Each structure stands twice: as structure tokens, then as C-alpha cells.
Enquirer: 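This structure is in C-alpha cells; I'll ask about it shortly.
Residue numbers start from 1 in every chain, and the chains themselves are labelled A, B, ... in the order their sequence lines are given, proteins ahead of strands. These numbers come from a predicted model, not from an experiment.
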Amino acid sequence: MVWLQSSQWEGARAVPLSGHVGFDSMPDQLVNKSVNHGFCFNILCVGETGLGKSTLMDTLFNTKFEGEPTQHNQPGVQLKSNTYELQESNVRLKLTVVNTVGFGDQINKEDSYKSIVEFIDTQFEAYLQEELKIKRTLHSYHDTRIHACLYFIAPTGHSLKSLDLVTMKKLDSKVNIIPIVAKSDAISKSELAKFKIKITSELVSNGVQIYQFPTDDETVAEINSTMNGHLPFAVVGSTEEVKIGNKMVRARQYPWGTVQVENENHCDFVKLREMLIRVNMEDLREQTHTRHYELYRRCKLEEMGFKDTDPDSKPFSLQETYEAKRNEFMGELQKKEEEMRQMFVQRVKEKEAELKEAEKELHEKFDRLKKLHQDEKKKLEDKKKSLDDELNSFKQKKTAAELLQAQTQQAGSSSTLKKDKERKK
Amino acid sequence: MQLAFCHTFFKLLNHQIQRLWRLKYPLLGPEVSTSFYGNMADVGKTPVARNEKTNSEFGYVGIDAILEQMRRKAMKQGFEFNIMVVGQSGLGKSTLMNTLFKSKVSRRSLMTSEEERIPKTIEIKSISHDIEEKGVRMKLTVIDTPGFGDQINNENCWQPIMKFINVQYEQYLQEEINIERKKRIPDSRVHCCIYFIPPTGHCLRPIDIEFMRHLSKVVNIVPVIAKADTLTLEERDFFKQKIREDLRANEIDIYPQKEFDEDAEDRIINEKIREMIPFAVVGSDQEYQVNGKRLLGRKTRWGTVEVENTAHCEFAYLRDLLIRTHMQNIKDITSSIHYEMYRVRRLNENNTQPNGQQAIHANGVPEHEVLSHEM
């Protein structure tokens, strides 16, 4: 490959080398480092229940991922994500497959796309948080951002459903969408061609931007542009093996024939695998990072109030904005603190007043009771006194009565004596 | 705030996942290990890891094609490398750069003879070159520091250099925190600093120790013994030993740093390098005929010193280290360790100092002291 001498970097002059320096090993050094580190790839499968999403993933990656087919009675759309570690020769891949559970099963599907968009945003958010941290570990961060979204279209043969259009429209600015026609062994070849044309025209007329395989690198430009014309891929997935001739191939067996998964005349599975994994995996990851993530980041930061330039278009540093925001925040905090303090003081005052009232009441009650008690006591004393008086007078009377009795007895006895004396005389 | 919730949630998840990856999955042979980390709504579920030995042999998936894809991308983008040379004038810095990169990349080659004077203060001159080899393109920036160590009073000679390095980090940081940022942030951070030690044969001088002590904290330093053809092999070994002792005594961490060895393999390779540091080098951009071959060397009356002969000097080891084996590693350590440390310091600075107080740069130099330097 001969490169022109004009520099691709500004400020650098092209200099010829007079011998072998050795930095042509740099791509190898870079690749070695990545191999040691491992790669990660995250796929999101969006489609109605029963379209063969899990089977297709199994077929693509030649393994049996766990999981049973989901029921059709989910109340809302949920996303289930599973991470697997695969290895082929010396390449370790951390693959995450996210499935939409219950998509298209509800009666009211207005909010179906929301949980998907939320999930994608959450992954972006997590990465953004990690990037904004002060002490960060970006090189060992497990990237969970969705790199590719396989959108499964039901093989009706007519056109896209409105749910599909709405969902894809919401997702096209957040993730690389690759539409595929699922279970395409249900459509005949001629119907399929018409279906594909209808789908692509509908996507274009609705302004949905699906992922285009990149054509700027000469080595892959040709194959990519051919493949771009075959979108959406019509796939068939199968993990069962059938004997054809003297080989075991993956296929679906019907009474009228066998659909071979890896036969390019039967379906586009090979094309999908080629594009998704063997040719453009790195580009998908790069697009996610440089386009979709950057867009998310920009919107998010702008939402939070950060700007790059102020009205005079002098560059604002993030630090300054951060400082300003921080001061604003601290000011607000202080104000709130003041308010709370005021409220607290007021409450205390009120409580104090209440307590004083209560105390006063108590005092009054006490006084009243005391007075009552005193009154009672006085009454009792009076009564006692009167009783005492009565007793005294009674005693007096008694003594007086006794005296009288004693006197009368004496007088009586003396009178009887006198009487006796008189008789005797 | 919902952000805080998501942040802590993913921190938790991350923690769980990292715990799982520490369970060593055997990496040989086709194998699938699974870990289920559940639904977005299930915060409390603990992940389950299972090792499934499934047969992934009925067909080739093509995952390893990603290596080729990466290579293609790297070739298209090209690489950047920024190397700084520090040392007193007359130690052969420019010649060594020319020898390393087999072309006229030094400042001397671009100057006219009128400019040949020793500057009164330390200047920093950086020149960029676009070089290409076998389809791989590289933007090489050589940063020269004329005037270093040449004054009578060399106190704080390391300061302007430290400031320059931090300015590069600052530029990168500013670009990184922009809202609208470029696809590829231009990397002007100094990846490697080659420090030239004059061949006294005794031990390190105070200026050497001071400089390396301060700068080893912010940049990868590779010390070399300049003009090593003035030392015999015994003198060279003795000198190297003394230098290593001095470095150890002053706790100077030169490249490759012990603490950044990733695994046992790395450690073995790096130990071998550490035993040879500092490299005793001889530079030359002139070719002579030796034994029927044209070789780079220095011709004297008593013989020709061959630059690329490892029996004569250690230039080849230095070149292999810097360019052929460890260039990517050098760049990685700069970006993931030195730059991150700078970033942490810088971001913490902003937190603890409210507006109005004069900021002190992370390099310890107060803001109002501006030393002249040219770029």
C-alpha cells in the first residue's frame, strides 16, 4: 500500500526514512494488548415473542445459551440481559445478549418502546458516570453499551407494523439498528423480494436511519456496499442438525423439504454472520462510542446546564461551569438550611408557648384543687368543732343530769329516812 | 436523584461482575461460561455463575476476525508518539534521535547555523514529523529542551519542563471535558522522556537526581548514558551499578515501573530490562564500511564503533524497547496512569479552592510565574 506523502496530520512534515526503524509493529502491539484485555460486545434483540430471537443467537454463536421460551402474558416490556464469555483461538469475547421480553404482547402497546429506550440510556448513563468520575478506571470498565440492535420483523409479507416503525424511529438515534426478517422460511422467494423492497421504502419514507455498513475502507468497501443492498436480512435460525448428503448441517426439517441455515440460497444467515461478526464488529463498537454515545453525552450535559461557550462565545471551561453550578447549589443549600432553621425556631417557639399554656393551666388547676381542699378541710373542722361542742354540751348535761340524779337520790333517801323516822315516832 | 440511583446500582452490579470475573474461567478450548446478572428491575438478585462446557465446535463463528478489523482500523488511523529529550548540550541528543528514527528528525537538522547558541533560559522546542513504514503511519513529535543544565545556576531547571508536560495534560483534559468534542482527541502528551546522563563514570550528579526525582512522577523517564564510547566495559558496568543504586536510594521510579507490571510474563521481561537500565548508547547518522557491510557507526583512529552492534553499545536494546516492543505500553502508561493522576489532582483542586483564590498549578508552580518557552 503506497500512501501519498502529504501529511494527514496538521503541523507535521513528511520525512522519509533511510532504514528500518521498527514501528510497523505498532498495530501488532496494539492488537496484543487488546487480546490480553479481551473484547466485549453487546447485542440487543428487539422483536415480538416467538420470532426466534433466542434461537438465532444460539445459531449465530454456535452455543446453547440457557433460557426457556417466555410466556405471552407479560404485563409490560422487560429487558433480560445475559453475559457470556466465549473464546475462539486466542480471542476472548465477553458477549452480552439482551432480550426484550413481552414485546408486542400487550393490548395497549403505546409504551412498549419506552423500556427499551430507558435501558439503552441507562447503559450510556453508567458509562458517562464512570467517565466523569474523579478516580476512574476506564480501561478496565465493563462496557455495557449496546453495540448492535437486531430488530426482528415478523414475516407477514406485507409491510412493517406500526409498532415496528414507531420503535425503530425511537431507537435509530440511540443504537445501530440492523433489521432482519425473522422465520423467513415462511415466505416464498418472490414474496420475500417484494417484502424487502416494501420494508426499505417504508423505512426511508419514515426517516428511520438504520445502520449502514461502512464503505470508506477499500478492503471491505465492496462487500459492505453489496450487503447494504441486501438489508433487511432474511434469516432462519436452528440449532438442530440434519444429515444432508454425508455432512451434518444445521437445518429445519419439514415434510416438504429441509431449510439449511448456512445455505445462501435458502436464507441470509451467512450474510448476517459475516457482516455482524466477521467484518464490522469493530465498526459497530466504534459507531456506538463516537456517534450514539457522544450524542447522548452532549444532550445530557446540555440538559444539566453545562455549555461550551457563553453568550459572548468565549469558551467556557467545564470547570468554570461546574464551579458556578456548585456555588449555585451551595447557595441553594444554604438557603434551604436557613429556611429549615427558621422553621425549626418557629416550631420551638410555638411548642414553648403551648407548654407554657399547659403549665399555666396546671397551676390554675392545682390552685383550684388546693382551694377546694382547704374549703373541705374548713368545713370538716367546723363540723368537728360543732360536734365537739355538742359533745361537750352533752357531757355537761350528762354531768349535770348525774349530779341532779345524785342530789335527788340523796334527797329522796334523806326524805325516806325522814319519813321512816316519823313513822317510828 | 434518579442519576445517583442508577450510579449506585451499576456500581453494585459492576462490583458483582468483577467479583465473578475473578473466578478464573479456564480459557483453553471452546467453552462458554455464563453469568446471569438479571433484569434491570431486579436489584436484589445475586448473579449466578456456571461453567458450561458446551461444544462450540460445530462451526467457526469468526470472533477472532475482530483482530483483523482492529488492525485495519489502526492502520487507517495511524499512531502518535511524543518523545522528549533532556540533557546538557553536547551530549548527542539530536544525533541519537536521528539514529533512532533513521531520519533527520531533530531540531538541529532544521536550524540554520546562526541559531547555534546556548540559550539563556531553558527553551522547549517541539517538532512534528509524519513518518511511514510498511503502511503504518506515525506522527512523531520530538521535543527538545535546549538550555537544560547549561546555566551557571541550574536551580529549578526541571520546572519549565514539568510545566510543559502539565500543559499538554491540561490541553488534553480540556478537550476531553468539552461538550462537543472531536472524534479523536489530538494527543500531545509527552509519552516518554529520555534523560541523557554524561559519561562521568562515577555516579549521578545532583542535577540528575533532582530532575529525575521530580519528573518520574509525571512522565515515563528512560535514562541513558550518553556518548558511551568513552567508557570501557568495566567502567560502564560500574557506572550503571552506581546509577541504579542512586536511583533506588532516591526512590526514583523509571520506566518500566515495577508497580505497573501486569502479570508474571510482563514481570520477567521487564526485570530483564530493569537490569540493563540505563542503556549506554552511541549515536551516529553516518555510515561506514565494516566487513563488507555498510553500518552506522563512529569512525576513530583505533576502530569503528558500530551503533547497532550490541557488543559495542546498547543502542539496539534502547531502540527495541522504545519502538519495537514497548511503544504501546509506554503510551498506555502515560494515558491511564500519569494522565489520570494529573486529572485527579486537577479536578480535586477545583473542589477545594473557591473562585478568587489564586490557583496553584498541579506542578507546584504558582500561577503567576510564567517562564518563557517556545513551541
Enquirer: Take B:Asp130 and A:Arg13 through the side chain to side chain contact (heavy atoms under 4.5 Å, CB included) test and state the conclusion after the steps.
Expert: CA-CA 6 Å; B:Asp130 181 357; A:Arg13 50 185 257 279; over 6 Å; no
Enquirer: Which residues pass the side-chain contact (heavy atoms from CB on, under 4.5 Å) test with A:Asp24, sequence neighbours left out?
Expert: A:His20, B:Glu133, B:Lys134, B:Val136
Enquirer: Nearest heavy-atom pair of A:Leu17 and B:Ile131: which atoms, and what distance?
Expert: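 Result for this residue pair: CD2-CG2, 3.7 Å.
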Enquirer: Quick one: what part of B:Lys139 sits under 4.5 Å from any heavy atom of chain A, side chain, backbone, both or neither?
Expert: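 It is both, since atoms from each part get that close.
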Enquirer: Yes or no on side chain to side chain contact (heavy atoms under 4.5 Å, CB included) for A:Met26 and B:Phe81, after CA distance, side-chain angles and deciding distance?
Expert: CA-CA 11 Å; A:Met26 271 302 269; B:Phe81 192 61; over 6 Å; no
Enquirer: At a heavy-atom separation under 4.5 Å, does B:Leu140 approach chain A through its side chain, its backbone, both, or neither?
Expert: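 Answer is neither: B:Leu140 stays 4.5 Å or more from chain A.
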Enquirer: Say whether, by atom type as modelled, one donor and one acceptor occur between the side chain of A:Glu294 and the main chain of B:Arg181 under 3.5 angstrom.
Expert: no
Enquirer: Quick one: which residues of residues 62-69 of chain B reach chain A at under 4.5 angstrom, heavy atoms only?
Expert: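 Residues in range: B:Gly62, B:Ile63, B:Asp64, B:Ala65, B:Ile66, B:Leu67, B:Gln69.
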Enquirer: Distance check, rounded to the nearest 0.5 Å: B:Asp332 atom CG versus A:Lys33 atom NZ?
Expert: 3.5 Å
Enquirer: Relative to chain A, which segment of B:Arg324 carries a heavy atom at a distance below 4.5 Å: side chain, backbone, both, or neither?
Expert: both
Enquirer: Between B:Arg72, B:Arg184, B:Lys73, B:Lys183, which is the residue that forms a salt bridge (charged side-chain N to carboxylate O under 4.0 Å, His left out) with A:Glu286?
Expert: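 With A:Glu286 as partner, B:Arg72, B:Arg184, B:Lys73, B:Lys183 yield a single salt bridge (charged side-chain N to carboxylate O under 4.0 Å, His left out), made by B:Lys73.
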Enquirer: If I compare all heavy atoms of B:Ile179 with all of A:Arg298, which pair ends up nearest, and what's the gap?
Expert: CG2-CG, 3.4 Å
Enquirer: Report yes if the side chains of B:Arg71 and A:Leu30 come closer than 4.5 Å at any heavy-atom pair, otherwise no.
Expert: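 No; the side chains remain at least 4.5 Å from each other.
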Enquirer: If I measure from the heavy atoms of chain A, does B:Thr141 come under 4.5 Å with its side chain, its backbone, both, or neither?
Expert: neither
Enquirer: Please evaluate residues A:Arg136 and B:Glu176 with respect to the criterion salt bridge (Lys or Arg N to Asp or Glu O under 4.0 Å), reporting the C-alpha separation (whole Å), side-chain torsions for both, the decisive distance (0.1 Å), and the verdict.
Expert: CA-CA 14 Å; A:Arg136 57 188 193 182; B:Glu176 197 187 36; 3.0 Å; yes
Enquirer: With a 4.5 Å cut-off on heavy-atom pairs, point out which of A:Val279, A:Val249, A:Leu128, A:Val35 contacts chain B the most.
Expert: A:Val279
Enquirer: Measuring from A:Asn36:CG to B:Glu265:CD, what's the distance to the nearest 0.5 Å?
Expert: 7.5 Å
